[in-house]
Amino acid sequence: MGIVRKKEIIDESTLMFSRKQIIRLLIPLIIEQFLTISIGLFDTMMISPKGEAAVSGVSLVDTINTLMISLFAALATGGTVIAAQQLGNGKNKDASASAKQLLFTVMVLSVAVGLFCFIFNHQLIDFVYKPKDGASEQDMTEILSNAYIYFYVSALSYPFIGLYNAQASLFRAMGNSRVTMIVALMVNGVNIIGNALFIHVFDMGTMGAGLATLISRALAALVLFVLFIKKKDMPISFGKLEMIKPDGKIIKKILSLGIPSGIENSIFHVGKVMVASLVSTFGGAAVAANAVSGSVLGFGDLAGSAIGLAMITVVGQCIGAGKLDQADYYIKKLMKNTYVLLFFVRIAIILFAPQICKYMFSLKPESTEIAVKIMRWHSVNAVVFWPTAFALPNALRAAGDVKYTMVVSSIAMWVCRIGLSFVFAKYMGMGVLGVWVAMTCDWYLRTVMFVIRFVRGKWKLRGSLA
């Protein structure tokens with residue numbers, strides 16, 4: 001669905017971001033998103049010789065990991081919107097103060113979440129995934145035992161994920177996506193080397209995959225932290241290394257944006273966990289097909305995800321500077337770019353889905369048949385609906401319109417993605433494909449609601465938080 005509005009004339013000489021600046025922001029972001037998604041993909045690919053049980057165990061935990069990461073990322077978004085608006089308003093000192101409070105808030109939350117998940121490892125995995133009434137119990141026993149191991153190590157990485165997400169978001173708020181791209185490249189290199197050593201040389205299986213990811217994430221968080229301390233000439237800097245004292249006023253402002261985004265993201269990923277629990281009842285082939293599809297299709301969305309991150313920086317700074325007409329201009333421009341990039345990637349997935357399943361993941365014929373159907377259905381719908389369902393709402397968030405996106409996303413998740421998953425997959429006998437059909441129904445609803453919000457312009461009434 002497109003965005004149809006009366007064309008406005010913008011004097012390009014007054015634009016806050018030149019075409020060259022947008023490209024310099026976007027290209028590293030796209031590469032970074034590719035590298036970020038690659039961590040999970042390489043874990044899945046490099047563990048695949050150990051069997052489908054290992055692949056599925058890692059995938060089940062990654063669904064929970066994504067839930068936790070989204071929570072930290074939502075808080076980071078709250079701080080980033082404020083920092084971007086303050087930078088757009090020329091308040092660099094205030095932006096640095098907000099950055100320190102964001103770091104404090106995310107670290108406290110991520111440490112608490114990590115401890116909880118480490119202590120209640122088995123209980124959480126069993127509650128979500130253990131087959132009820134003996135359904136598929138034989139298939140799932142080995143999968144769950146791999147999931148327990150991977151989840152222990154994953155929980156230890158949560159503080160580092162929180163710290164990295166907060167700092168990476170701040171670099172993006174400054175328009176400096178090159179640094180986070182380089183760090184993401186380093187993370188992937190360390191992760192691949194670690195996987196090769198721990199999984200294949202030391203034969204540590206899923207424990208090895210988890211350790212490699214833990215080490216790479218810890219290193220990434222440390223590198224960004226050192227940069228914020230050492231590079232005092234940046235618009236946002238932490239200054240002297242000292243204890244960060246909590247500032248209730250700033251934290252409240254961060255949470256006013258972060259909590260709605262956190263609720264939205266948490267509901268979204270809790271729904272994904274619930275759906276993954278449903279998928280686990282369909283047996284090992286369905287779980288493996290679902291795991292591989294999720295890994296591959298993440299690449300299909302990466303250009304859109306990168307542009308969504310750019311929306312926060314560009315629109316946030318425009319709002320902070322009080323230039324609403326430019327915010328509107330950049331949103332439409334970036335949305336067009338999203339559609340173009342998404343089209344070419346998704347066509348490639350549609351054409352080469354069978355080869356991807358066979359040669360990259362060594363799936364069995366039954367799992368391959370299911371995965372190919374999922375990939376093609378998802379890709380056809382994504383070309384039309386993904387940008388308006390997921391890139392456009394980031395523009396609304398950058399303007400502080402977070403409550404609307406939270407309500408719409410929550411309704412879409414519970415009514416479509418969760419409710420229809422059970423209708424299509426279980427009661428209509430569509431199996432795991434029904435879960436993905438329900439997902440696209442979620443997109444249809446989001447698209448209608450977000451396009452209406454953008455066209456009516458109510459997001460412009462939120463005002464600057466700078």
Side-chain angles (χ1 to χ4, degrees), residues 34 37-66 129 136 139-140 142-143 146-147 150 206 209 271-302 342 344-383 385-386 417 420-422 424-426 428-443:
F34 173 83
I37 294 171
S38 294
I39 293 180
L41 180 66
F42 282 125
D43 279 353
T44 304
M45 287 176 60
M46 297 182 79
I47 199 69
S48 61
K50 301 297 179 180
E52 287 191 354
V55 172
S56 300
V58 169
S59 170
L60 295 184
V61 175
D62 273 341
T63 304
I64 298 176
N65 285 343
T66 304
Y129 294 118
S136 304
D139 286 340
M140 289 298 295
E142 191 178 354
I143 293 176
N146 280 282
Y150 193 66
T206 49
K272 290 183 70 175
V273 171
M274 291 177 67
V275 170
S277 177
L278 172 63
V279 171
S280 70
T281 66
F282 298 134
V287 173
N290 191 66
V292 168
S293 298
S295 296
V296 173
L297 293 171
F299 280 94
D301 301 334
L302 66 88
L342 200 71
F344 289 106
V345 176
R346 290 298 185 158
I347 289 297
I349 292 176
I350 290 170
L351 293 176
F352 299 107
Q355 291 79 7
I356 291 171
C357 294
K358 183 177 179 180
Y359 298 113
M360 291 181 64
F361 295 96
S362 305
L363 285 182
K364 296 175 182 177
E366 183 183 359
S367 299
T368 296
E369 183 181 355
I370 298 170
V372 169
K373 289 179 181 178
I374 291 171
M375 290 182 197
R376 287 176 171 168
W377 171 266
H378 191 276
S379 294
V380 167
N381 281 274
V383 169
F385 297 102
W386 195 96
R417 191 169 301 217
L420 292 182
S421 284
F422 283 88
F424 294 154
K426 192 171 183 179
M428 293 181 65
M430 295 176 65
V432 67
L433 178 61
V435 168
W436 293 79
V437 173
M439 178 190 299
T440 54
C441 292
D442 174 313
W443 299 355

A.B. asks: Set out, in order, the CA-CA distance, both residues' side-chain angles and the distance that settles side-chain contact (heavy atoms from CB on, under 4.5 Å) for Val372 and Cys357, then state yes or no.
C.D. replies: CA-CA 8 Å; Val372 169; Cys357 294; 4.2 Å; yes

A.B. asks: Rounded to the nearest 0.5 Å, what's the gap from CG on Leu342 to CD1 on Ile347? Could you check?
C.D. replies: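 Nearest 0.5 Å value for the CG-CD1 distance: 10.0 Å.
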
A.B. asks: Evaluate Ile374 against Leu297 for side-chain contact (heavy atoms from CB on, under 4.5 Å), listing each step before the verdict.
C.D. replies: CA-CA 9 Å; Ile374 291 171; Leu297 293 171; 4.2 Å; yes

A.B. asks: Find the distance between OG (Ser293) and CZ (Arg376) and round it off to the nearest 0.5 Å.
C.D. replies: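 If I round to the nearest 0.5 Å, the distance is 11.5 Å.
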
A.B. asks: Which residue pairs pass the side chain to side chain donor-acceptor pair (under 3.5 Å) test with at least one member in residues 431-441, sequence neighbours excluded?
C.D. replies: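 For residues 431-441, and leaving out neighbouring residues, the side chain to side chain donor-acceptor pair (under 3.5 Å) pairs sorted by first residue read Asn290-Trp436, Trp377-Thr440.
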
A.B. asks: Can you find a pair of side-chain heavy atoms, one from Val380 and one from Val383, that are under 4.5 Å apart?
C.D. replies: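 Heavy-atom side-chain distance check fails, nothing below 4.5 Å.
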
A.B. asks: Taking only residues two or more places apart in sequence, or in another chain, which ones meet Glu369 in a salt bridge (charged side-chain N to carboxylate O under 4.0 Å, His left out)?
C.D. replies: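 Checked Glu369 against salt bridge (charged side-chain N to carboxylate O under 4.0 Å, His left out); matches are Lys373.
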
A.B. asks: Are His378 and Trp443 near enough that their ring centres are under 6.0 Å apart?
C.D. replies: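 Under 6.0 Å, so yes.
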
A.B. asks: Please report the shortest heavy-atom distance between Ser367 and Ala288, naming the atom on each side.
C.D. replies: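 The pair with the smallest heavy-atom distance is OG-CB, 4.0 Å.
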
A.B. asks: So, for Phe282 and Gly431, which heavy atoms are closest and what is the spacing to 0.1 Å?
C.D. replies: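 Heavy atoms of Phe282 and Gly431 come nearest at CE1-C, 3.8 Å.
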
A.B. asks: List the residues meeting side-chain hydrogen bond (donor to acceptor under 3.5 Å, both in side chains) with Thr206, not counting sequence neighbours, and say none if there are none.
C.D. replies: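 Expected list: Asn146.
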
A.B. asks: Between Phe424 and Cys441, which heavy-atom pair has the shortest distance, and what is it?
C.D. replies: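 Scanning both residues completely, I find the closest heavy atoms to be CE1-SG, 4.1 Å.
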
A.B. asks: Is the closest side-chain heavy-atom distance between Leu278 and Ser421 below 4.5 Å?
C.D. replies: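 Contact flag for Leu278/Ser421 side chains = yes.
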
A.B. asks: Please name all residues satisfying ring-ring contact (aromatic ring centres under 6.0 Å, His included) with Phe34, sequence neighbours left out, ordered by chain then number.
C.D. replies: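 Here the qualifying residues are Phe299.
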
A.B. asks: Mind checking the OG-CG spacing from Ser379 to Leu351? Nearest 0.5 Å is all I need.
C.D. replies: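 Ser379 OG to Leu351 CG: 10.0 Å, rounded to 0.5 Å.
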
A.B. asks: Excluding sequence neighbours, so at least two apart, what forms side chain to side chain contact (heavy atoms under 4.5 Å, CB included) with Ala147?
C.D. replies: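 Ala147: side chain to side chain contact (heavy atoms under 4.5 Å, CB included) contacts with Val61, Ile125.
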
A.B. asks: Tell me whether the count of non-hydrogen atoms from other residues, nucleotides or ligands lying under 6.0 Å of CD in Glu366 goes above 12.
C.D. replies: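 Counting other residues, nucleotides and ligands, CD of Glu366 stays at 12 neighbours or fewer.
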
A.B. asks: First locate atom CD1 of Ile370, then atom CG of Leu433, and finally report the distance between them rounded to the nearest 0.5 Å.
C.D. replies: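 Atom-to-atom, Ile370:CD1 and Leu433:CG are 9.0 Å apart.
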
A.B. asks: Not counting sequence neighbours, list each pair that qualifies as a salt bridge (Lys or Arg N to Asp or Glu O under 4.0 Å) and has a residue in residues 279-302.
C.D. replies: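 Of all non-adjacent pairs touching residues 279-302, those that pass salt bridge (Lys or Arg N to Asp or Glu O under 4.0 Å) are Asp301-Arg346.
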
A.B. asks: Where is the tightest heavy-atom contact between Ile349 and Gly300, given as atom of each residue plus distance?
C.D. replies: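 In terms of heavy atoms, the two residues are closest at CD1-CA, 3.9 Å.
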
A.B. asks: State the CG-CG distance between Asn381 and Asp442, to the nearest 0.5 angstrom.
C.D. replies: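 Reported to 0.5 Å precision, the distance equals 11.5 Å.
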
A.B. asks: First locate atom CE of Met375, then atom CD1 of Ile350, and finally report the distance between them rounded to the nearest 0.5 Å.
C.D. replies: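 That separation rounds to 12.0 Å.
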
